[in-house]
Protein chains: 2
Amino acid sequence: MTYRRSALMEERLANNRDRILLATRKLVSEGGFRDAQIAAVATTAGVSTGMIYRYFPSKAELFVEVLSAAVEQEIEILTEIANRPSPAPTRLGAAVVSFVRRALAGPNLAYAFIAEPVDPEVDTARIRYRKKFGDVFKAILVDGMEKGEIPQQDADASAACLVGAFTEALVGPMDPRRTTRATKEQLTESIRTFCLRAVCGIWKSDDA
Amino acid sequence: MTYRRSALMEERLANNRDRILLATRKLVSEGGFRDAQIAAVATTAGVSTGMIYRYFPSKAELFVEVLSAAVEQEIEILTEIANRPSPAPTRLGAAVVSFVRRALAGPNLAYAFIAEPVDPEVDTARIRYRKKFGDVFKAILVDGMEKGEIPQQDADASAACLVGAFTEALVGPMDPRRTTRATKEQLTESIRTFCLRAVCGIWKSDDA
DNA sequence: TCAAAAAGTGAATAAACATTCAATTATTGA
DNA sequence: TCAATAATTGAATGTTTATTCACTTTTTGA
């Protein structure tokens with residue numbers, strides 16, 4: 001054989017893959033899956049369309065990987081909050097605020113995460129990830145109920161409701177461009193209050 | 001002129017239109033907008049594809065009309081509940097339960113209402129209708145706050161959260177086919193509890 | 001019954017994209 | 001430098017559907 005991948009080449013390949021993922025993520029963040037056609041991804045990543053198929057078997061799998069990476073990162077952050085030693089309501093509020101702040105901060109995948117992707121394969125993944133997302137909140141609820149910090153309730157239903165509540169409040173009403181910092185903080189606070197009261201009955205204000 | 005529409009003909013035309021709308025609604029209920037291709041709609045309605053374009057300028061406008069009719073009917077029911085003389089929390093709980101029960105009862109547009117349609121034109125309509133939907137709940141909240149039945153809160157945010165909460169709880173977790181009547185009632189109750197506590201702090205149980 | 005006008009049909013057209021692949025360029029080790 | 005191999009390209013292909021339109025059938029009023 002007169003060809004074997006050098007370390008440099010290996011790196012360049014990995015680089016290409018990352019560039020494609022990044023480009024996809026960017027497009028999806030800005031305009032949803034709708035705007036992330038293969039041609040657009042290729043242009044944004046600075047590669048050819050054929051290139052993309054060297055790294056990903058199909059558009060659907062590319063989308064799934066983008067979604068998965070985004071959700072896993074998000075879940076990691078929220079899990080850290082969920083495992084803190086503070087009281088369950090405090091952790092829950094902190095988790096909600098953490099997610100909402102990031103979502104309001106700039107273009108992100110929140111919308112694509114909620115919305116229905118065109119592709120059934122991606123859709124399946126999306127539902128799975130939403131469920132996983134809810135599980136973080138469910139864990140806080142279950143823990144809080146055990147410790148008597150949160151009243152008894154249907155943890156599955158409450159977790160789903162929580163996820164629905166703060167995602168809807170984010171997607172629906174706001175044009176992200178015409179929103180000041182203060183308005184955003186106000187909305188964040190309103191959502192936190194809603195979510196805390198929803199599961200605790202009473203709103204507690206301590207941050208974390 | 002040797003042709004003018006007779007009353008009978010007029011009726012048949014209206015009938016065709018309705019059949020097309022009904023067929024679209026059926027397909028969307030069962031498989032989302034994805035499954036409602038013009039060809040499928042035509043077959044289901046028992047007309048030709050060309051026919052559809054005699055009654056609707058485009059697929060998008062057909063979809064919007066289906067969505068609009070469904071939402072308006074839903075809003076009418078909920079508005080009636082919102083205008084009852086009972087205390088605001090009672091009305092709110094009743095409205096939530098009313099919507100959830102219908103959604104769980106069988107194939108319906110709940111999913112399509114929440115999910116992202118493929119077409120931007122339909123998407124715009126969808127967001128508008130979701131907002132309208134939230135307004136019914138907002139009205140109950142505002143009224144309840146005035147009467148001191150509901151604690152002061154950001155009515156816009158709470159309304160959005162409510163809509164998100166009960167729609168998510170409906171779409172996410174359940175396979176409608178593998179769910180018993182009892183389970184459905186249980187879920188309905190869990191959602192009601194969540195929503196009531198979310199805006200009132202305390203859960204009251206009276207039906208309506 | 002007849003001709004004008006409209007309703008109705010569905011095969012053909014068109015547009016939008018994902019995917020492929022023959023050809024080209026780059027990399028590697030000898 | 002060279003041949004072998006891999007990476008890369010982007011025009012061509014295939015697919016999926018909305019939409020159109022030339023043609024057929026039905027309806028209407030005289």
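Letters go in sequence order (proteins before strands), and every chain restarts at 1.
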> Roughly how far apart are Leu13(A) CG and Asp18(A) CG, rounded to 0.5 Å?
Replying inline: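 These two atoms lie 11.0 Å from each other.
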What's the separation between atom CD1 in Ile191(A) and atom CG in Leu104(A), rounded to the nearest 0.5 Å?
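It is 6.5 Å, given to the nearest 0.5 Å.
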Check your understanding: Salt bridge or not for Asp135(A) and Lys132(A), using N-O below 4.0 Å?
Key ->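 The answer is no: the pair does not qualify as a salt bridge.
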Just so I know, are the side chains of [X] and [Y] near enough to count as touching, which here means a heavy-atom distance under 4.5 Å?
X: Glu189(B); Y: Glu185(B); value: no
X: Val28(B); Y: Leu67(B); value: no
X: Glu65(A); Y: Leu62(A); value: no

What is the separation between atom [atom1] on [X] and atom [atom2] on [N], rounded to the nearest whole Å?
X: Ile52(B); N: dC21(D); atom1: CD1; atom2: P; result: 17 Å
X: Arg17(A); N: dA7(D); atom1: CZ; atom2: C1'; result: 16 Å
X: Glu61(A); N: dT19(C); atom1: CD; atom2: P; result: 10 Å
X: Glu10(A); N: dT28(C); atom1: CD; atom2: P; result: 11 Å
X: Met51(A); N: dT20(C); atom1: CE; atom2: P; result: 16 Å
X: Tyr55(A); N: dA7(D); atom1: OH; atom2: P; result: 7 Å
X: Asp35(A); N: dA16(C); atom1: CG; atom2: P; result: 14 Å

What nitrogen or oxygen pairs link the protein and nucleotides 23-26 of chain D at under 3.5 Å?
none

Give the table of side-chain donor-acceptor pairs shorter than 3.5 Å for residues 71-79 of chain B, with sequence neighbours excluded, one pair per line with atom names and distance.
unit_1   : atom_1 : unit_2    : atom_2 : d
Glu74(B) : OE1    : Arg102(B) : NE     : 3.3
Glu74(B) : OE2    : Arg102(B) : NE     : 3.2
Glu74(B) : OE2    : Arg102(B) : NH2    : 2.3
Thr79(B) : OG1    : Ile75(B)  : O      : 2.6

Review point. Nearest heavy-atom pair of Leu141(A) and Ile150(A): which atoms, and what distance?
Key: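 Closest approach of Leu141(A) to Ile150(A): CD2-CD1, 4.0 Å.
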- Item | Proximity to DNA chain D (any heavy atom under 4.0 Å), residues of residues 19-26 of chain A only |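 Contacting residues: none.
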- Item | By side-chain hydrogen bond (donor to acceptor under 3.5 Å, both in side chains) - contacts of Lys138(A) (at least two apart) |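 side-chain hydrogen bond (donor to acceptor under 3.5 Å, both in side chains) list for Lys138(A), sorted by chain: Asp156(A).
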Check: Ser98(A) side chain, Ala94(A) main-chain N or O, donor-acceptor pair, under 3.5 Å:
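No: the side chain of Ser98(A) does not pair with the backbone of Ala94(A).
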**Study point:** Given DNA chain D, 5'-ward residue of the pair Gly50(A) and Met9(B), judged by closest heavy atom
**Key:**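 Checking each residue's closest nucleotide, the 5'-ward one belongs to Gly50(A).
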Nearest-nucleotide comparison on DNA chain C, the residue closer to the 5′ end among Arg54(B) and Ser6(A):
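Upstream on the strand: Arg54(B).
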Check your understanding: Is the phosphate of dA7(D), meaning OP1 or OP2, less than 4.0 Å from a side-chain N or O of Asn16(A)?
Key ->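 No.
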Polar-atom pairs under 3.5 Å, protein N or O versus N or O of nucleotides 16-19 of chain D: list them with distances, or write none.
unit_1  : atom_1 : unit_2   : atom_2 : d
dA18(D) : OP1    : Lys59(B) : NZ     : 2.7
dA18(D) : OP2    : Ile38(B) : N      : 3.0
dT19(D) : OP2    : Tyr53(B) : OH     : 2.5
dT19(D) : OP2    : Lys59(B) : N      : 2.9
dT19(D) : O5'    : Tyr53(B) : OH     : 3.2

Residues that Glu61(B) engages under salt bridge (Lys or Arg N to Asp or Glu O under 4.0 Å), provided they are two or more places apart: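 With neighbours one apart ignored, the set is empty.
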Please tell me which of the listed nucleotides, dT9(D), dT9(C), dA7(C), lies nearest to the side chain of Leu13(B)?
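Nearest nucleotide to the side chain: dA7(C).
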Positive for side-chain contact (heavy atoms from CB on, under 4.5 Å) with Lys59(A), one of Val41(A), Thr24(A), Ile38(A), Val64(A):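 So the option named by the test is Ile38(A).
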*With sugar-phosphate meaning primed atoms plus P, OP1 and OP2, does Phe56(A) contact a base, only sugar-phosphate, or nothing at under 4.0 Å between heavy atoms?*
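Contact class for Phe56(A): none.
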